[in-house]
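Below is one structure; the comments refer to it alone.
Counting starts at 1 for both ligands and their atoms, following the listed order. If you read the sequence from its start, that first residue is 1, and numbering goes on from there.
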Amino acid sequence: MSELSDLYQEVILDHHKRPRNYQELPAANRKAEGYNPLCGDQLTLFLQLDGDVVTDVGFVGSGCAISRASASLMTTAVKGKTVAEVQSLFRNFHEMVTTDVDPDPERLGKLAVFAGVREFPARVKCASLAWHTLQAALHGDEQPVRTE
Ligand code: ZN
């Protein structure tokens with residue numbers, strides 16, 4: 001973690017210790033599981049989708065600080081958004097962690113803390129796991145998501 005700036009580390013550690021929306025949603029109408037065998041991160045994501053709006057989202061699971069913090073920040077970022085807005089955010093996030101394009105703070109907000117992981121391909125999988133699992137939940141995929 002020493003590779004990330006102090007501020008970014010602080011945000012990531014905060015979300016790792018106190019993950020937001022860390023709960024099962026019994027009323028969820030979408031659910032998906034994600035697994036990153038490279039690191040051992042696993043999570044179950046719950047979505048409440050009303051029309052095309054994500055009205056509620058929750059997750060449970062276990063994993064490294066980056067995977068947990070990413071899932072936590074992802075849930076806070078997508079709650080209340082339309083599916084189209086979520087997809088656009090996913091593209092922005094994915095571009096940020098896989099290319100040299102600088103993150104757009106207006107669009108990504110706190111998600112920009114993960115920009116540093118692009119230098120560490122193994123960490124990209126940790127940071128992306130929640131987002132790929134979200135895609136599966138939105139698409140209604142029954143198969144668990146694996147990053148490998
Ligand atoms: Zn991990």
Report task. May I ask you to test the T133-F59 pair for a side-chain heavy-atom distance under 4.5 Å? Result ->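 Answer no - side chains too far apart.
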Pairs of donor and acceptor atoms involving the side chains of residues 43-50, under 3.5 Å and at least two apart or interchain, shall be tabulated with distances.
{"residue": "Q48", "atom": "NE2", "partner": "D50", "partner atom": "OD1", "Å": "3.3"}
{"residue": "D50", "atom": "OD2", "partner": "T55", "partner atom": "OG1", "Å": "3.3"}

Query raised in the report: Is there a donor-acceptor pair under 3.5 Å between the side chain of R107 and the backbone N or O of P105?
Result: no
Report task. Answer yes or no: is there a donor N or O on one side and an acceptor on the other, between the side chain of R118 and the main chain of T99, under 3.5 Å? Result -> yes
**Report entry** Contacts of N29 that satisfy side-chain hydrogen bond (donor to acceptor under 3.5 Å, both in side chains) - sequence neighbours left out
**Finding:** none
Query raised in the report: Closer than 2.8 Å to the Zn ion (ligand 1), how many protein N/O/S atoms do you count?
Result: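 Atoms of protein N, O or S type lying less than 2.8 Å from the Zn ion (ligand 1) total 5.
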Mind listing the side-chain donor-acceptor pairs of residues 62-70 below 3.5 Å, one per line with the distance, residues two or more places apart or on another chain?
{"residue": "S67", "atom": "OG", "partner": "D41", "partner atom": "OD1", "Å": "3.3"}
{"residue": "S67", "atom": "OG", "partner": "C64", "partner atom": "N", "Å": "3.3"}
{"residue": "S67", "atom": "OG", "partner": "C64", "partner atom": "O", "Å": "3.0"}
{"residue": "R68", "atom": "NE", "partner": "H16", "partner atom": "O", "Å": "3.2"}
{"residue": "R68", "atom": "NE", "partner": "H16", "partner atom": "ND1", "Å": "3.4"}
{"residue": "R68", "atom": "NH2", "partner": "H16", "partner atom": "O", "Å": "3.3"}
{"residue": "S70", "atom": "OG", "partner": "A127", "partner atom": "O", "Å": "2.6"}

